[in-house]
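Here the structure comes first, spelled out in structure tokens, and everything after it is commentary.
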There are 2 protein chains.
Amino acid sequence: MSTPAGRAPTIIEVAARAGVSKSLASRALRGERGVADETRRRIHVAAAELGYRINSAARSLARGQSGIVGIVLNDIGNPHFTGVVAGAEAEARERGLRTIIGHGAGSAPDLARQIETMLELRVDGIVVVSSWAPREVLEHAAQLTPVAVVARLDEPPESLDMIASDDAHGARAATEHLLAIGCRHIAYVTRSTSVTSAARGRGVRTAIEQVGLELAEYRVGPEDDEEIERILRSGVDGVLANNDLTATEILRVARERGIDVPGDIALVGYDDTPLARIVSPALTSVNQPQRAMGRRAIECISERRDGRTDPERAWYEPTLLVRGSTFRR
Amino acid sequence: MSTPAGRAPTIIEVAARAGVSKSLASRALRGERGVADETRRRIHVAAAELGYRINSAARSLARGQSGIVGIVLNDIGNPHFTGVVAGAEAEARERGLRTIIGHGAGSAPDLARQIETMLELRVDGIVVVSSWAPREVLEHAAQLTPVAVVARLDEPPESLDMIASDDAHGARAATEHLLAIGCRHIAYVTRSTSVTSAARGRGVRTAIEQVGLELAEYRVGPEDDEEIERILRSGVDGVLANNDLTATEILRVARERGIDVPGDIALVGYDDTPLARIVSPALTSVNQPQRAMGRRAIECISERRDGRTDPERAWYEPTLLVRGSTFRR
DNA sequence: TTGTAGGCGTTATCAC
DNA sequence: GTGATAACGCCTACAA
């Protein structure tokens with residue numbers, strides 16, 4: 001029946017079947033004008049009968065572009081990224097661009113490899129949703145194709161666009177909220193060493209030192225419930241997590257080990273993902289407009305393709321959303 | 001500074017810089033033997049200095065394969081898929097294959113488009129993690145490259161491999177558990193019309209009819225809290241959701257509207273994703289070995305590449321994990 | 001309106 | 001060990 005290892009039909013076979021030259025077939029298939037209606041019809045019929053699909057390798061080799069933009073991110077399990085991707089995909093579709101995703105599984109070398117793959121695929125632009133990508137890799141990529149980074153970069157290269165929100169500011173607002181509800185022993189707990197996480201840590205510190213208190217800062221590994229419990233029992237009364245994922249883990253551990261949130265400890269997440277609303281108590285969290293940021297990234301890619309060369313620095317304001325995990329009294 | 005629209009250097013320029021022919025450069029860069037050590041070194045240096053990256057379009061055009069396998073799925077926001085992807089990526093890496101992800105955003109045409117893109121990209125195989133892909137599209141794809149579907153297909157084409165778990169069986173087990181803890185008015189609530197969801201529905205029905213009771217079945221749209229509340233207040237005492245995502249939504253609505261789980265209603269999810277453990281009460285759920293299924297998919301692709309032609313049908317047994325959302329008395 | 005003839009950057013097959 | 005040279009499948013002048 002089927003042809004397990006069937007070679008894909010080429011445009012030459014389509015042309016032969018339609019009784020025309022391959023150039024004419026190419027024009028017809030691309031929908032260019034300057035092909036007789038009847039001929040065009042024959043060509044399309046032939047293509048359909050053969051199950052012809054364009055060979056994008058050949059096309060992008062000949063044209064130098066692919067009509068595809070790559071989205072590279074380092075954790076598809078984190079709903080924050082999901083939101084950005086959704087925005088980027090929507091915008092791309094509206095602009096007639098297709099998208100593929102490269103998944104970096106959380107490590108810098110992995111991310112770099114994914115960016116390389118996109119480069120090799122000769123995509124028409126790359127959206128990097130991560131602050132983990134090595135600077136050289138980004139710069140190199142930006143030399144070959146438009147690059148937009150949706151994340152905080154300490155010193156973003158001139159050659160690429162950056163879409164970010166002010167992490168320090170958001171973390172500061174969250175911390176001031178904790179102080180306002182009466183917390184005096186506040187901890188920042190992160191599972192990440194990214195510059196994003198670091199910026200949030202700085203925000204917390206700023207707010208705390210402003211009122212003359214002391215900050216406790218912890219980095220915890222994955223699946224380390226004991227470590228988390230130790231932190232929760234160290235006398236803290238307020239915790240800011242580096243993101244909602246970490247916050248929900250903390251919440252789970254607290255529940256499993258009999259620590260009451262928000263009674264014993266007030267807890268704040270970051271990113272305001274859907275996770276924040278499905279847990280109980282619902283998480284107070286810092287919102288970033290993920291979808292809007294994703295859309296903006298694609299706009300940047302488009303603008304660059306149209307010739308813009310000066311770098312874009314789009315900052316979005318984070319806003320605190322107060323929910324049950326910080327209700328007191 | 002940077003070359004915004006810089007053409008990427010080609011192997012010819014590398015060869016020229018190293019003072020050798022392009023064929024020799026090609027061999028050296030690919031790490032083939034039969035190149036003098038000193039020459040090889042010179043070539044690598046030249047490539048590094050130029051920032052050379054292979055043009056994968058040209059390579060796959062010349063070779064007829066790309067070393068990349070495509071993973072296509074229809075909801076990156078669903079942790080079930082995340083698990084399968086993680087397994088597939090791990091296995092692929094171990095086999096020296098690279099992966100890219102196509103995201104179908106939940107609709108069949110979208111999924112089809114993503115599969116088309118993979119075909120055009122001439123990937124070496126496609127893992128489709130969805131039961132939504134139109135049959136013709138799958139068959140066509142399977143004719144050109146190995147295809148493994150990680151999902152339940154009603155009548156899987158001979159030309160492709162299928163990795164699935166027995167949804168009806170899992171749903172039946174979950175329902176029997178609900179019956180065992182005393183539920184008498186059981187509802188199946190789904191947000192999907194996929195054959196996977198339908199199979200789970202059949203499982204519930206089987207179990208319920210076996211004891212002479214009646215099943216209530218509901219399909220709810222996204223963001224429709226009112227509808228969910230109506231169902232919860234219709235006199236049911238046990239609910240099986242089509243997956244954990246739906247179950248956590250139900251749990252949230254119940255909490256927000258003052259319905260006690262498991263007190264008033266016992267609730268069961270499906271897929272046993274990380275979500276099941278972070279909510280409170282933790283969700284009883286039906287486990288599928290996502291990672292193992294993802295790995296198996298890549299194995300299938302590999303085997304097909306090595307010449308296997310008879311279809312693989314891998315079935316994994318689902319197992320019920322009982323947690324707080326179904327504790328009674 | 002249609003066809004001819006390169007060329008895109010690699011790889012692969014031969015000779016040397 | 002090394003270097004010509006012909007594919008690979010498509011696009012794009014240019015010519016008919």
Side-chain angles (χ1 to χ4, degrees), chain A residues 5-44 46-47 50-68 116-117 119-124 144-145, chain B residues 5-44 46-47 50-68 119-124 144-145:
Chain A
R7 242 186 66 284
T10 74
I11 202 169
I12 299 196
E13 300 168 47
V14 174
R17 182 170 190 127
V20 299
S21 75
K22 59 172 183 169
S23 17
L24 197 52
S26 168
R27 270 173 236 146
L29 260 13
R30 265 176 300 145
E32 272 197 14
R33 15 173 291 161
V35 180
D37 283 354
E38 164 56 13
T39 315
R40 178 187 303 276
R41 203 190 51 73
R42 271 197 351 258
I43 295 174
H44 275 106
L50 258 29
Y52 170 78
R53 297 293 188 280
I54 194 169
N55 181 328
S56 129
R59 159 176 286 183
S60 65
L61 181 56
R63 285 227 277 220
Q65 48 173 329
S66 57
I68 299 178
E116 291 285 338
T117 301
L119 249 25
E120 292 179 14
L121 253 15
R122 294 303 193 262
V123 293
D124 288 354
L144 301 174
T145 191
Chain B
R7 241 186 68 285
T10 74
I11 201 170
I12 299 196
E13 300 168 48
V14 174
R17 182 169 191 127
V20 299
S21 74
K22 60 171 181 171
S23 0
L24 198 52
S26 170
R27 268 175 237 145
L29 260 12
R30 265 177 298 149
E32 274 197 13
R33 20 173 287 163
V35 180
D37 284 353
E38 163 59 12
T39 315
R40 179 187 303 277
R41 204 190 51 73
R42 273 201 345 262
I43 296 175
H44 275 105
L50 258 31
Y52 169 79
R53 296 294 188 280
I54 195 169
N55 181 328
S56 115
R59 160 178 284 185
S60 66
L61 182 57
R63 284 229 277 220
Q65 48 176 313
S66 58
I68 298 178
L119 250 24
E120 292 178 13
L121 253 16
R122 294 302 192 266
V123 293
D124 289 355
L144 301 175
T145 191

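In what follows, chains carry the letters A, B, and so on, assigned in the order in which the sequence lines appear, proteins first and then strands, with residues in each chain numbered from 1.
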- line: The residue, B:Gly34 or B:Ala58, whose nearest nucleotide of DNA chain D is more 5′ is B:Gly34

- request: Could you state the atom-to-atom distance from CD of B:Glu32 to P of C:dT13 in whole Å?
  value: 10 Å

- prompt: B:Gln65 CD to D:dG9 C1': how many Å, rounded?
  reply: 16 Å

- request: Specify the separation, in whole Å, of atom CZ of B:Arg59 and atom P of C:dT10.
  value: 9 Å

query: Atom CZ of A:Arg53 and atom C1' of D:dG9: how far apart are they, to the nearest Å?
result: 16 Å

- request: Take atom CD of A:Glu120 and atom P of C:dT10, then tell me their distance rounded to the nearest Å.
  value: 10 Å

query: Counting N and O atoms only, with roles assigned by atom type, does the side chain of B:Arg42 sit under 3.5 Å from a partner on the main chain of B:Ala18, one being a donor and the other an acceptor?
result: yes

- request: Pick base, sugar-phosphate or nothing for A:Leu61, based on heavy-atom distances below 4.0 Å to the nucleic acid.
  value: base

query: Donor-acceptor pair, A:Arg40 side chain versus A:Glu32 backbone, under 3.5 Å?
result: yes

query: For A:Lys22 and D:dG9, what is the distance between atoms NZ and C1' respectively, to the nearest whole Å?
result: 7 Å

task: Report the nucleotide, chosen from C:dG3, D:dC10, C:dT10, that has the shortest atom-to-atom distance to any side-chain atom of A:Tyr52.
output: D:dC10

query: Starting at the 5' end of DNA chain D, which residue's closest nucleotide do you reach first, B:Ala36 or B:Ala62?
result: B:Ala36

message: Taking only side-chain N and O atoms of B:Ser21, does any of them lie within less than 4.0 angstrom of OP1 or OP2 on D:dT2?
response: no

Donor/acceptor link under 3.5 angstrom from B:Ser23 side chain onto base of D:dA4: yes

query: Between D:dC11, C:dA12, D:dG9, which nucleotide gets closest to the side-chain atoms of B:Arg63?
result: C:dA12

message: Checking the side chain of A:Ser66 only, and the main-chain atoms of A:Arg122 only, is there a donor and an acceptor separated by less than 3.5 Å?
response: yes

query: Which part of the nucleic acid does B:Arg30 contact within heavy-atom distance under 4.0 Å: base, sugar-phosphate only, or nothing?
result: sugar-phosphate

task: Select base, sugar-phosphate, or nothing to describe what A:Ser60 touches, counting heavy atoms under 4.0 Å on all strands.
output: nothing

- prompt: In whole Å, what is the span from the CD1 atom of A:Ile12 to the C1' atom of C:dG3?
  reply: 14 Å

field: A:Arg122 (side chain) and C:dG9 (base): donor-acceptor pair under 3.5 Å
entry: no

Nearest non-hydrogen partners of A:Ile43 and A:Leu29, listed with the distance: CG2-CD1, 3.8 Å

query: So, for A:Leu61 and B:Ala58, which heavy atoms are closest and what is the spacing to 0.1 Å?
result: CD1-CB, 3.8 Å

- request: Return the value, rounded to whole Å, for the distance between atom CZ of A:Arg27 and atom P of D:dC10.
  value: 15 Å

Phosphate OP1/OP2 of C:dT2 contacted by A:Thr39 side-chain N/O (<4.0 Å): yes

